[in-house]
Amino acid sequence: MNALHTSVHHSAVFDHPEMGEHENVVFVQDKDTGLSAIIAVHDTTLGPALGGCRVWPYENPADALTDALRLSRGMTYKNSLAGLDLGGGKAVIMADPRKEKSPEMMEAFGRHVERLAGTYITAEDVGVSPDDMEAVARHTDHVRGTSDTGLGDPSPYTALGVFEGIKASANHVFGSHDLSGKKVSLQGLGHVGFDVAGKLHKAGARLTVSDIHAPAVLRAIEAFGATAADPAEAHMVDADIFVPCALGAGLNARTIPQIQARVVAGAANNQLQTPADGIALRKRGILYAPDYAINAGGVISIALATPGGDDIAVTEKTMAIGETLSAIYERAERDEATPEQIADRMAEERLSKASNL
Ligand code: NAD
C-alpha cells in the first residue's frame with residue numbers, strides 16, 4: 001500500500017472524530033441497483049447490534065460515515081439504558097429515498113445484512129417504509145419491524161414511554177405524578193406528539209399545542225380543547241412542562257433562557273444542540289429528561305415484538321421508562337451532574353458489568 005493510500009485510509013476512517021469503540025464498519029455497494037451503504041456495528045457486548053437503516057441523500061460519503069458512526073454509538077447507549085439485551089448499530093444508504101430507492105436496492109442491502117451473520121439487526125428509520133423492510137426480509141432474517149416480526153408502528157409505544165416519563169419528571173419536580181391542572185406546552189403533533197397530547201388531556205393537563213402543519217393543530221383543538229401557540233414560541237409558553245415532539249436541537253443558547261417550564265420532557269431526538277445546553281438547563285433549575293431515555297418505547301417495541309405480537313412484555317418495559325428516569329434524576333442530584341450525564345453513565349455501567357461477566 002503506498003503512503004497516500006495509507007494516509008487517506010487512516011484519516012477517512014480510523015482517525016475519524018466519531019470513530020470510537022466501533023467494532024465493525026462495513027462499506028457495501030451493489031452497482032446493479034445503485035446501492036452504496038455503510039453499516040456500523042458499534043458494540044455487541046449486550047447482544048446483536050440493533051439499529052435502523054436510514055436512506056438519505058448525503059452530500060458525500062464522509063457525511064454518511066459521520067452519521068453512521070454517531071448514530072450506531074447512540075443505539076448502544078439507548079439499548080443499554082432501555083434494559084435490552086442488544087448492542088448498537090446503524091446503517092445508512094446514500095440515496096434519495098424518493099428518486100433513487102428501489103425494492104431491488106433494498107434487497108441488495110438485505111443480502112449485505114445477511115452476510116454480517118446476525119451481528120447487525122436492521123429496522124426502519126428515516127426514508128424507509130414497511131415495504132422496503134419487506135424487501136430486505138426476502139434476503140435476511142436479521143430484520144425487525146416487518147409485518148411478520150413486529151407490532152406495527154412503534155409510535156404508540158414511544159408515546160406511552162414519553163407519557164410515563166413526563167409523569168416521573170413531574171413527580172420529581174412537583175412532588176406528584178398527578179398531571180391534572182398542569183399547564184403543558186407540546187410542540188409537534190405528529191405520530192408521537194398527537195398520541196402524547198391525548199394521554200395528557202385524559203390525565204387532566206391543560207394543553208397548549210403547536211405544529212407547522214395547521215390541520216394537526218386544528219385536530220388537537222377539537223379533540224382536546226387545546227390552545228394553539230406559534231410553533232417558534234412553544235418553548236416560551238407559560239407552562240409547567242414543555243414537551244418537544246418535533247425535530248431536534250430545539251434546546252440551545254437562544255431558547256433555553258426563554259423557557260418558562262420547570263420540566264422539559266418529550267420525544268424529539270437530539271434535543272440538546274450541544275452538551276453545554278444540558279448544563280445551562282440545570283443551572284436554570286429546569287429538569288431535562290434525556291431524549292434517548294424517554295423516547296425508547298419505539299425501540300423496545302421493535303426489539304421485543306414477536307411474531308403474533310404479544311405486547312405485554314413491550315408495555316411493561318416501556319412503562320419502566322418512568323422508573324429509569326426517576327433513578328436518573330435522584331442520582332443526578334446526588335452526584336451534582338446533569339440527567340444526560342447520568343444516563344450515559346448508567347448505560348456504560350451496564351455494558352462494563354456485562355463485559356466483566
Ligand atoms: P412525525 O414526522 O410524525 O411528526 C413530527 C411533527 O412535528 C409533524 O407534525 C411536523 O409538522 C411537526 N413539526 C416539524 N417541525 C416543527 C416545528 N418547527 N415546530 C412545530 N412542529 C413541527 O414524527 P414522529 O414520529 O411523531 O416523531 C417526533 C419526534 O420524536 C422526532 O424527533 C423523532 O425522531 C422522535 N422519535 C420518534 C419515535 C417514533 O416511534 N416515531 C421514536 C423515537 C423518537
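Ligands are counted one by one from 1 in listed order, and the atoms in each one are counted from 1 as well. It should be emphasised that the depicted structure is a prediction, and the values quoted were computed from it without experimental measurement.
The pair Lys90-Glu18 fails the salt-bridge criterion, with no side-chain N (NZ, NE, NH1 or NH2) lying under 4.0 Å from an Asp/Glu carboxylate O.
Under the 4.5 Å side-chain heavy-atom criterion for ILVMFWY residues, a single connected hydrophobic cluster contains both Val243 and Val263.
Applying the ring-ring contact (aromatic ring centres under 6.0 Å, His included) test to every pair with at least one member in residues 221-254, sequence neighbours left out, gives these pairs: Phe194-Phe224, His201-Phe224. Within the structure, the salt bridge (Lys or Arg N to Asp or Glu O under 4.0 Å) test picks out no pair touching residues 213-233 (sequence neighbours left out).
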I would like to know whether Ile259 and Leu251 meet side chain to side chain contact (heavy atoms under 4.5 Å, CB included); could you show each step before the answer? CA-CA 9 Å; Ile259 293 174; Leu251 304 174; 3.9 Å; yes

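Hydrophobic cluster of Val113: the remaining members, joined at side-chain heavy-atom separations below 4.5 Å, are Val26, Val28, Leu35, Ile39, Val41, Val55, Ile93, Met105, Met106, Phe109, Leu116, Tyr120, Val128, Met133, Val136, Val143, listed by chain and number.
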Pairwise, report which nitrogen or oxygen atoms of ligand 1 are under 3.5 angstrom from protein nitrogen or oxygen atoms, and how far apart they are.
| unit_1 | atom_1 | unit_2 | atom_2 | d |
| --- | --- | --- | --- | --- |
| ligand 1 | 3 (O) | His191 | N | 2.9 |
| ligand 1 | 3 (O) | His191 | ND1 | 2.6 |
| ligand 1 | 9 (O) | Asp211 | OD1 | 3.4 |
| ligand 1 | 9 (O) | Asp211 | OD2 | 2.7 |
| ligand 1 | 11 (O) | Asp211 | OD1 | 2.7 |
| ligand 1 | 26 (O) | His191 | N | 3.1 |
| ligand 1 | 26 (O) | Val192 | N | 2.8 |
| ligand 1 | 30 (O) | Ala267 | O | 3.3 |
| ligand 1 | 32 (O) | Ala246 | O | 2.7 |
| ligand 1 | 32 (O) | Asn269 | N | 3.2 |
| ligand 1 | 34 (O) | Asn269 | ND2 | 2.9 |
| ligand 1 | 40 (O) | Thr158 | OG1 | 2.7 |
| ligand 1 | 41 (N) | Ser155 | OG | 3.3 |

